[in-house]
Amino acid sequence: MIMNAILMGLLYYFATCRVWYGFSQVIRHPLSLAPIIGLIFGNMEIALITGATLEMMYLGSIAPGGNIPADEALAACVAIPIAIQANVSPEIAVAVAVPVGLLGVLLDQFRRTFFTVLVHIADKAAEQADIAKIRRLAFLYPLLLAFPLRFIPAFVGNVFGVDAISAFMDAVPYWVTHGLTVAGNILPALGFALTIVIIGKRKLLPFFITGFFVVAYSGISIIGIAIFGFCVALIYTHFLPNNGQED
Amino acid sequence: MNEEIVKAQPEKLTKADITKSWIRWFAYAEVSNNFERLQALAFCGAMTGILQKLYKDKADLAAALKRHLAMYNTEGNWGCIINGISIALEEKAASQIHKEEDEEEEVGEDAIVSVKTGLMGPVAGIGDTIDFGTMRPILMGIFIPFAMAGSAFCALLPVIIQSIYTIVFGYGLYQKGYTAGRQSILEILQSGRIQTVITSASVLGMFMMGALSASYVKLTTTLTIGTAMKAIPVQPLIDQLAPRLLPLLVVMGIYIFLIKVGPKYIRIVTFLLVVSLVGAALGII
């Protein structure tokens, strides 16, 4: 129990310390963390289903200017263990993840406010041409400072989260549980809508509608959809004037 | 001893120096991110090895370090080309620094800073659109169903694929920016091929988001119309119109809110939670 909570604290730190660009932007997502959490708690099936459900909500979670809209890593590190241990459905876990993810935003804002100090120390190091110190300020010190900030919330969430959610689910009437399940079922819509906004081309909306109804009417598999989508994309750009270069 | 003779000439930069700088940039880029100057400390940290070789005079080195601590923010993968260009410009500036006064100075401090600040916005626009606006959601979208079906390996594939892609691309752009210089980025940014790639990826992304919305957003109503004696359920009526119309309306509704009102994330999730709970309490969903 405590051991698992410690591991989850470490995992959350690992997922959010931001080392190595390209890797760190994807490892922090619920789908990437789910197999690791499944391994820690010995329940791969529920971990993967919950992680994949969470992932849909955070699909379009892009950080313009570095401001994250929600902390999907903290949401995953708290909600997936709860789904496994408190025996709640993935939909309920998604509803639980929402406030946790928002709390995580505060952590990140604190981190980025606090790290302003580092850049002021770096100004002085630059005056001294102290290269080793600048490197430490850019890497080692922020990594050390981020550790308690990341470890403690995930650890606490795991120690108390399961009992809290179990007690909550036992105490509330059926309609609350049902309402949270409904919410869990429609929250992925947020991820999809956000992704459309980020793609940012309003005149391409018919492709969204096409993809939607191809699945709604036929129930085709996702690989089938990917094949169709790929061909449609190529056909579209091919027939645009100048191969879509002017778009 | 003559002061002029003591000042050593800049060392020549090798490909390994550029590679080391790239490794630092990829490792540091977001670690020290802060509200005041964002990625400035990371950029400066990545330049340290280069500047050390170029500026043998302590005052020159200090000045160079300080100019790279200015506010900086871009998408780190495509942004590699800016790092490469900055290195090329610094090399040129360092070679000019001890020449005769009457020689015209081509690359000054202002030039280096203005190239960085001028490019970081457009490059972030392209990088964010391709890497995180389309590539990551599409990869996730493709492998979510496999993860649902129980494949741990498929759940890990997006992070593996995106890591390999960024390493290959970022490294290439870093070297390219250094060798080809400022002109190269303008050619790349204005080349039609990038626009074609973005358009294709956008179409695929739109198509995938539609397909995933139809698969995974679930909402039906238990609402009935008419009297208690002769109640007509509403859901079959909706289904006759078109399948899964309610989920489509939810996604479109959120989309329109995001466009019209803006990315008010907290307001949207609170609204969805409250509506779900109220709907459940009234027994209509």
Side-chain angles (χ1 to χ4, degrees), chain A residues 18 20-23 26-27 31-32 34-35 48 52 55-56 59 62 66 69 98 112-113 115-116 118-119 122 126-127 129 131 135 138-139 142 175 178-179 182-183 185-186 188-189 192-193 195-199 201 204 207-208 211-212 215-216 222 225-226 229 233 236-237 243-245 247, chain B residues 26 28-37 41-42 45 48 58 61-62 65-66 76 132-133 137 142 144-145 147-148 152 155 159 162-163 166 192 195-196 199-200 202-207 209-211 213-214 216-219 243-244 250-251 254-255 258 265 269 273 276-277 280-281 285:
Chain A
R18 312 301 296 271
W20 201 257
Y21 203 86
F23 170 77
V26 192
I27 193 68
L31 192 69
S32 312
L48 287 177
E55 182 57 49
M56 290 188 275
L59 204 57
I62 190 169
V98 169
R112 296 178 67 213
T113 309
F115 282 1
T116 300
L118 297 176
V119 85
E127 269 164 34
I131 284 198
R135 285 179 190 162
F139 196 62
W175 66 266
H178 180 61
V182 171
N185 271 324
I186 59 176
F192 301 134
T195 308
I196 312 174
V197 173
I198 291 161
I199 292 173
K201 296 194 171 77
L204 296 181
F207 289 105
F208 173 84
F212 186 93
V215 168
I222 203 73
I225 272 298
Y236 177 75
T237 45
N243 285 340
Q245 297 185 359
D247 188 60
Chain B
F26 253 45
Y28 294 176
E30 291 288 340
V31 173
S32 62
N33 197 320
N34 59 84
F35 280 124
E36 190 183 296
R37 278 179 251 169
L41 191 45
T48 47
K58 194 181 166 187
L61 178 57
L65 288 169
K66 276 172 86 172
F132 304 121
I142 288 173
I144 280 172
M148 288 264 188
V159 68
Q162 190 126 3
S163 296
T166 46
Q195 284 307 320
T196 309
T199 309
S200 310
S202 303
V203 171
L204 179 59
M206 282 287 192
F207 201 76
M209 290 312 117
S213 300
Y216 293 113
V217 182
K218 297 185 190 99
L219 181 62
R244 297 177 214 188
V250 174
V251 181
I254 300 173
Y255 171 73
L258 286 167
Y265 193 85
V269 289
L273 275 170
S276 304
L277 286 168
I285 47 179

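Values in this document were obtained by computation on a predicted structure and should not be read as measured data.
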Legend entry - B:N34 and A:R112: side chain donor to acceptor below 3.5 Å: no
Inset, instruction - With a 4.5 Å cut-off on heavy-atom pairs, point out which of A:P188, A:A122, A:P35 contacts chain B the most. - result: A:P35
Inset, instruction - For chain B, find which of A:T113, A:V197, A:I198, A:I131 contributes the most heavy-atom pairs closer than 4.5 angstrom. - result: A:I131
Inset, instruction - Would you confirm whether B:S32, through its side chain, and A:P142, through its main-chain N or O, come within 3.5 Å as a donor-acceptor pair? - result: no
Legend entry - A:H178 side chain vs B:I285 backbone, donor-acceptor pair below 3.5 Å: yes
Legend entry - Qualifying residues under side chain to side chain contact (heavy atoms under 4.5 Å, CB included), relative to A:A34, sequence neighbours excluded: A:L48, A:I80
Which atoms of [X] approach chain A - backbone, side chain, both or neither, heavy atom under 4.5 Å:
| X | result |
| --- | --- |
| B:Y265 | side chain |
| B:T166 | side chain |
| B:P137 | both |
| B:A29 | side chain |

Inset, instruction - Not counting sequence neighbours, which residues clear ring-ring contact (aromatic ring centres under 6.0 Å, His included) with A:F208? List them please. - result: none
Legend entry - Close aromatic pair by centroid cut-off 6.0 Å: A:F139 and B:Y28: yes
Inset, instruction - Measure A:V119 against the heavy atoms of chain B and call it side chain, backbone, both or neither at under 4.5 Å. - result: both
Greatest number of heavy atom pairs closer than 4.5 Å to chain A - which of [options]:
| options | answer |
| --- | --- |
| B:G210, B:A281, B:G133, B:A214 | B:G210 |
| B:G45, B:A42, B:G76, B:S163 | B:G76 |
| B:R244, B:K66, B:K58 | B:R244 |

Legend entry - Stepwise ring pair (Phe, Tyr, Trp, His ring centres under 6.0 Å) check, B:Y216 with A:F192: CA-CA 10 Å; B:Y216 293 113; A:F192 301 134; 7.5 Å; no
